[in-house]
2 protein chains.
Amino acid sequence: MAQLVAPPVERRAFFRDTEANRRESLIAATQALVAEGGPQAATVRAIAARAGVTPGLIRHYFGSKDELIRAAYTMLVDGMTDKGADALEGVGADPEERLAAFVAASLRPPVVDGRTVGLWAGYLHQVQQDAGLLAQHEKGYLRYRDQLQALIADLGRAEVTATQLRQEAIACNAILDGLWLEGSVLPHGFAPGELVRIGLRATGAILGVNLTRHTTFIPELYPTAGKTET
Amino acid sequence: MAQLVAPPVERRAFFRDTEANRRESLIAATQALVAEGGPQAATVRAIAARAGVTPGLIRHYFGSKDELIRAAYTMLVDGMTDKGADALEGVGADPEERLAAFVAASLRPPVVDGRTVGLWAGYLHQVQQDAGLLAQHEKGYLRYRDQLQALIADLGRAEVTATQLRQEAIACNAILDGLWLEGSVLPHGFAPGELVRIGLRATGAILGVNLTRHTTFIPELYPTAGKTET
DNA sequence: GCTGTGATTACACACTTGTATAACAACCGC
DNA sequence: GCGGTTGTTATACAAGTGTGTAATCACAGC
C-alpha cells in the first residue's frame with residue numbers, strides 16, 4: 001500500500017503575550033460564557049477558544065479551572081462595587097443630588113443588564129458552597145451598602161439612630177437590588193427611565209426626602225440632549 | 001484459562017408506581033439537585049439516583065432531560081406564587097393586616113432560604129434563552145405583583161392614580177425581592193425577624209401607612225408562643 | 001550563532017454526559 | 001393459566017469533560 005503523505009496539520013500561530021493580557025483575556029472569556037450560558041457553558045475548551053488560545057494555557061496560568069472561576073468571580077465583585085463610586089464622579093456636593101445619582105446609576109445599564117444578572121446568578125452556587133467566595137460576596141455587598149449608608153447619613157436629617165440608619169440602608173439597598181433584578185430579567189417590562197423614577201421615589205419615601213427633583217440623571221427624559229457637559 | 005463464573009449481578013428491585021408519583025419524585029429530585037449544586041449537578045444519573053430509579057425512567061416519563069427541566073421550572077414558578085396566597089389564609093379582613101401578613105410571609109422561611117434562591121438562580125439562564133420559560137417567568141412575576149397591588153389598592157387611601165398604584169406595587173415588590181435575595185444568600189447577616197421588620201417599615205413608608213403595628217406575623221418576637229391557634 | 005528556558009500548542013487518557021436500545025418483570029384481559 | 005402490553009432496568013455508545021504530558025516555537029543570554 002502506498003505510503004500516505006501526512007497531511008500538513010496546520011499548527012495554531014504561535015503568539016507570545018504578556019501574563020497580564022493572558023490572564024485578563026481568559027477571565028473576560030469566562031465572564032462572557034458564564035453570563036450567556038451559565039457555568040455549564042464555561043468549559044475549558046470554550047473559554048480557550050473565546051480567548052483565542054488553546055486549552056492548555058488556562059492550566060498554565062491558573063492551576064486549574066476552578067481557580068480560574070474563582071479569579072473571575074473576584075474580578076466581578078470588585079467591578080460591581082466600583083461602579084457605585086464611579087457614578088459619583090463629577091457630581092456636585094449636594095447630598096440629595098449625590099444620593100440620587102447613586103440610585104440612578106444602579107438602575108441603568110450597564111448595571112441593569114441581562115448578562116450581568118446572568119453572570120451573577122451563574123456564580124451563586126459556587127458562592128454558596130465555597131467559603132472563600134462567600135466571604136468575598138459578603139465583603140462586596142457590605143462595601144456597596146456602606147457606600148449607600150454613607151450617602152444617606154450625609155443627608156443631614158435630624159434624630160437618626162444608628163439602628164434606623166442601618167435599616168434604611170438595608171431597605172434602600174434591597175430596592176435597588178430588586179429593581180435591578182426585575183429590570184434585568186424582564187427588560188421590556190418597564191418603560192425607559194421607569195425604574196429610575198420608581199427607585200428615586202421609593203428611596204425618597206423611605207428616607208423622608210424628595211429625590212424626584214433630581215431628574216438630571218434620567219437621560220431618557222432628555223432624548224435629544226446627548227451631552228451633559230463639554 | 002478457567003472460565004470465571006459470572007458474579008450474580010443483583011438487579012435493582014422492581015417497583016411499579018403511579019405516573020403521578022414518578023413524575024413528582026423525579027421533579028422533586030431535580031429541584032433538590034439544582035438548588036444545591038446548580039444545573040450542572042442535575043445530571044440524569046444524579047436525578048435518577050435521588051429519585052430512587054434508574055436513568056432510563058426520566059426519558060420514559062419526560063421525552064428528554066430538557067423537558068424534565070422545563071417541567072420542574074413550571075412547578076417552581078407555580079409553587080412560589082401560591083405561597084403568597086397561602087399567607088393570607090386565616091388572616092382577618094383588615095387591609096393593613098392582610099398586606100402585613102403578605103409582606104411578612106415573603107421575608108421568612110421557607111421563602112427566604114438559600115436553597116430557594118439557589119434554585120431560582122439555577123434556572124435563570126435557561127429562562128433567559130428559552131422564550132417559553134421566559135413567558136412563564138413573566139406570568140409568575142406579574143401574578144405575584146398583582147396580588148401585591150390588589151392588597152395595596154384595598155388599603156383605601158384617597159387620590160391614588162393607576163400609574164401611582166403600579167409604581168408602588170413595583171417598588172414594594174422590589175423591596176421584597178431584594179430582601180429575599182440578601183437574606184437568603186447571607187442568612188447570618190441579619191438578626192431574626194429583622195428582614196420582616198425592615199420590610200414592613202419600608203413598604204409602609206412607600207405607601208404612607210403604618211404596617212409595623214402588625215407584628216403578629218413575626219414569630220421571632222414571640223419565642224415561647226409556639227402555637228397560634230389550637 | 002548556539003543553547004537553554006519558558007510560553008504555547010498538540011495529543012492522549014480516564015471519566016462523565018445524554019441518549020438509544022435491548023432485556024426483564026409485573027400487571028391486564030381473556 | 002396465558003399472551004400482550006407496558007413500566008422498569010441494564011447495557012452500549014458517541015460526544016464532551018478536565019487534566020496530564022510531550023512536542024514545538026520564540027526569544028534572551030552568552
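When the P atom of dG16(D) is taken as reference, atom CD1 of I47(A) falls 17 Å away, rounded to whole Å. Whole-Å rounding puts the E19(B) CD to dA26(C) C1' distance at 17 Å. Between the CZ atom of R12(A) and the C1' atom of dA23(D) there is a distance of 17 Å, given to the nearest Å. L26(A) has its CG atom 10 Å from the P atom of dT8(C), to the nearest Å. Here dG18(C) presents its C1' atom at 16 Å from CG of L33(B), a figure rounded to the nearest Å.
Taking five base pairs at each end of the helix from dG1(C)-dC30(D) to dC30(C)-dG1(D), the local helix axes there meet at an angle of 0°, rounded to 10°.
Side-chain proximity of V44(A) to dT8(C), dT8(D), dT19(D): nearest is dT19(D).
Taking 3.5 Å as the limit, the base of dG16(D) and the side chain of R45(A) contain no donor-acceptor pair of atoms between them.
The backbone N or O of V77(A) sits nowhere less than 3.5 Å from a side-chain atom of Q136(A) that would complete a donor-acceptor pair. With W180(B) contributing its side chain and S106(B) its backbone, the two residues share no donor-acceptor pair below 3.5 Å. A donor-acceptor pair under 3.5 Å is absent between the side-chain atoms of T116(A) and the main chain of V112(A), judged by distance alone.
Annotation: E24(A), atom CD; neighbour count of heavy atoms from other residues, nucleotides and ligands within 6.0 Å does not exceed 12. For CE of M75(A), the number of neighbouring non-hydrogen atoms (other residues, nucleotides, ligands) closer than 6.0 Å is 12 at most.
For the contact set between residues 52-72 of chain B and DNA chain D, defined by any heavy atom under 4.0 Å, the members are V53(B), T54(B), G56(B), L57(B), H60(B), Y61(B).
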Open item on the list: Checking Y141(A) against E182(B) for the side-chain hydrogen bond (donor to acceptor under 3.5 Å, both in side chains) test, could you report, in this order, the C-alpha distance in whole Å, the side-chain angles of both residues, the deciding distance, and whether it holds?
Closed with: CA-CA 9 Å; Y141(A) 163 68; E182(B) 297 153 14; 3.3 Å; yes
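Checked against E19(A) for a salt bridge (charged side-chain N to carboxylate O under 4.0 Å, His left out), the options R23(A), R16(A), R22(A) give a single hit: R23(A).
Under 4.0 Å is where a charged nitrogen must lie from a carboxylate oxygen, and between D78(B) and K139(B) no such pair does.
Within 4.0 Å (heavy atoms only), R22(A) reaches sugar-phosphate atoms of the nucleic acid but no base atom.
Between the CZ atom in R70(A) and the CD atom in E67(A) there is a gap of 7.0 Å [rounded to 0.5 Å]. Once rounded to the nearest 0.5 Å, the distance linking OG1 of T203(B) with CG of L151(B) reads 11.0 Å. Rounding to the nearest 0.5 Å gives a distance of 3.5 Å between CD1 of I206(B) and CD1 of I175(B).
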TODO: Between protein and nucleotides 24-30 of chain D, map the contacts as a letter string: B base, S sugar-phosphate only, - none, heavy atoms under 4.0 Å, written 5' to 3'.
DONE: SBB----
